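Since the structure comes first, as structure tokens, the remarks are kept for the end.
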Protein chains: 2
Amino acid sequence: MADSIVDSLKAGGKKLTKPRQAILAILESNALPVTAAEVHARLKKAHAHMDLATVYRNLTMLQELGLVDPVGLREGQMRYEVRHGREHHHHIQCRGCGRIVDLMLCPIKKLTELVEAQTKFAVEGHSLEFFGWCPQCR
Amino acid sequence: MADSIVDSLKAGGKKLTKPRQAILAILESNALPVTAAEVHARLKKAHAHMDLATVYRNLTMLQELGLVDPVGLREGQMRYEVRHGREHHHHIQCRGCGRIVDLMLCPIKKLTELVEAQTKFAVEGHSLEFFGWCPQCR
DNA sequence: GCGGTGTTGCAAGTGATTTGCATTTAACAC
DNA sequence: GTGTTAAATGCAAATCACTTGCAACACCGC
Ligand SMILES: [Mn+2]
Ligand SMILES: [Mn+2]
Ligand SMILES: [Zn+2]
Ligand SMILES: [Zn+2]
């Protein structure tokens, strides 16, 4: 596991438990954002079964530490992906099969200044997701 | 109520029931996106009480007809706003007080072509929301 | 090894949204 | 108007995605 992750955990007063390591291993092995239930299922398959509540608690904590990013695709459940070593980016999901593709782009930086000037908010984050039909479902 | 809405309902084989009219009246009287529970509460206050399930069923149906747009702000519940007569736009929500402000802009049109070329998806929609701190919560 | 603090499992609890079904109601044709 | 029928509603129960309380357990620094 990456040193930076261990450092962040330590800095946050968190312990490097075995269940936690297993969760991070699953997250790091996945290029696309996964749900808590998916993490839970893959853990079981990898003979690292643990309670779903533990998965949820860890995902929440990793998010608070800024180690994973939440991805909301209006599926009724959240997805998560590790931030470690990856550029800020967005996603597109097929309305037919649910397939998700990374979009390694973000057009929002310039816009943020405009939004701040217009609303007087201090912008801290944004969510940009596309929906459509993938080639197979077209 | 707007003719265009009545026409859409008719075209979809839907009836113009009294509960449905009341829901549409609430939606049209709200500039900002509202939750199903909020619609339900305002209906009761307007002496048009109905079951929450009816509110949900109608919001889903109106969304399918393209008369209302869903707005997902990661609050654990969806919001909805009427599309009728309003430009496509996005929102910013304060992380402190939850206040929502309309952003009458959308920078996504040009980007859509880029996304389609890159992924071969047929883009049908997108979601863009900002999060931050409003002047009072700063 | 020991102690203290953070973690986990398990079971129960929430909150939002959905569903089954019997009962109405709007819409349309006589 | 009256009848017919498909859609809509109320009510209660069910689902689904998380969250929480609490007792047992596992890191980590000493
Ligand atoms: Mn991604
Ligand atoms: Mn709006
Ligand atoms: Zn971005
Ligand atoms: Zn847009």
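Below, read A as the first sequence line, B as the second, and so on, with proteins coming before strands; counting in each chain starts at 1. All values derive from a computational prediction rather than experimental measurement. Side chains included, hydrogens not; waters and symmetry mates left out as well; all remaining heavy atoms used.
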How far does [atom1] of [X] sit from [atom2] of [Y], to the nearest 0.5 angstrom?
| X | Y | atom1 | atom2 | answer |
| --- | --- | --- | --- | --- |
| A/Ile92 | A/Ile100 | CD1 | CD1 | 11.0 Å |
| B/Ser4 | B/His84 | OG | NE2 | 5.0 Å |
| B/Leu103 | B/His89 | CG | NE2 | 8.0 Å |
| B/Lys15 | B/Gln21 | NZ | CD | 13.5 Å |

Take atom [atom1] of [X] and atom [atom2] of [N], then tell me their distance rounded to the nearest Å.
| X | N | atom1 | atom2 | value |
| --- | --- | --- | --- | --- |
| B/Leu43 | D/dG10 | CG | P | 10 Å |
| B/His40 | D/dC11 | NE2 | C1' | 12 Å |
| B/Glu38 | C/dG15 | CD | P | 16 Å |
| A/Tyr56 | C/dG9 | OH | P | 15 Å |
| B/Asn58 | C/dT18 | CG | P | 13 Å |
| B/Leu52 | C/dT18 | CG | P | 11 Å |
| A/Met50 | C/dG9 | CE | C1' | 11 Å |
| A/Leu24 | C/dT7 | CG | C1' | 14 Å |

Query - Shortest non-hydrogen separation from B/Cys106 to B/His88 and the atoms involved - result: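 So the two residues come closest at SG-NE2, 3.3 Å.
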Report task. Would you name the heavy atoms of B/Cys94 and B/Cys134 that are closest together and state the gap between them? Result ->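 Answer, listing the atom of B/Cys94 first, then B/Cys134: SG-N, 3.1 Å.
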Query - Donor on one side chain, acceptor on other, B/His90 and A/His126, under 3.5 Å - result: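 Their side chains do not contain a donor-acceptor pair, so the 3.5 Å distance test is not met.
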Requested in this report: Could you tell me whether B/Glu113 and B/Lys109 have a side-chain N and a carboxylate O separated by less than 4.0 Å?
Outcome: no
**Report entry** Charged N-O contact under 4.0 Å between B/Arg86 and B/Glu81
**Finding:** yes
Requested in this report: For each nucleotide in nucleotides 20-30 of chain D, reading 5' to 3', give B when a protein heavy atom comes within less than 4.0 Å of its base, S when such contact involves only the sugar-phosphate, and - otherwise.
Outcome: BB----BBS--
Report task. With a 4.0 Å heavy-atom cut-off, tell me which residues in residues 62-79 of chain B come close to DNA chain D, sorted by residue number. Result ->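 DNA chain D contact set from residues 62-79 of chain B: none.
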**Report entry** Candidates D/dT9, C/dT18, C/dT8 - which lies nearest the side chain of A/Arg20
**Finding:**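 Selected nucleotide (nearest to the side chain): C/dT8.
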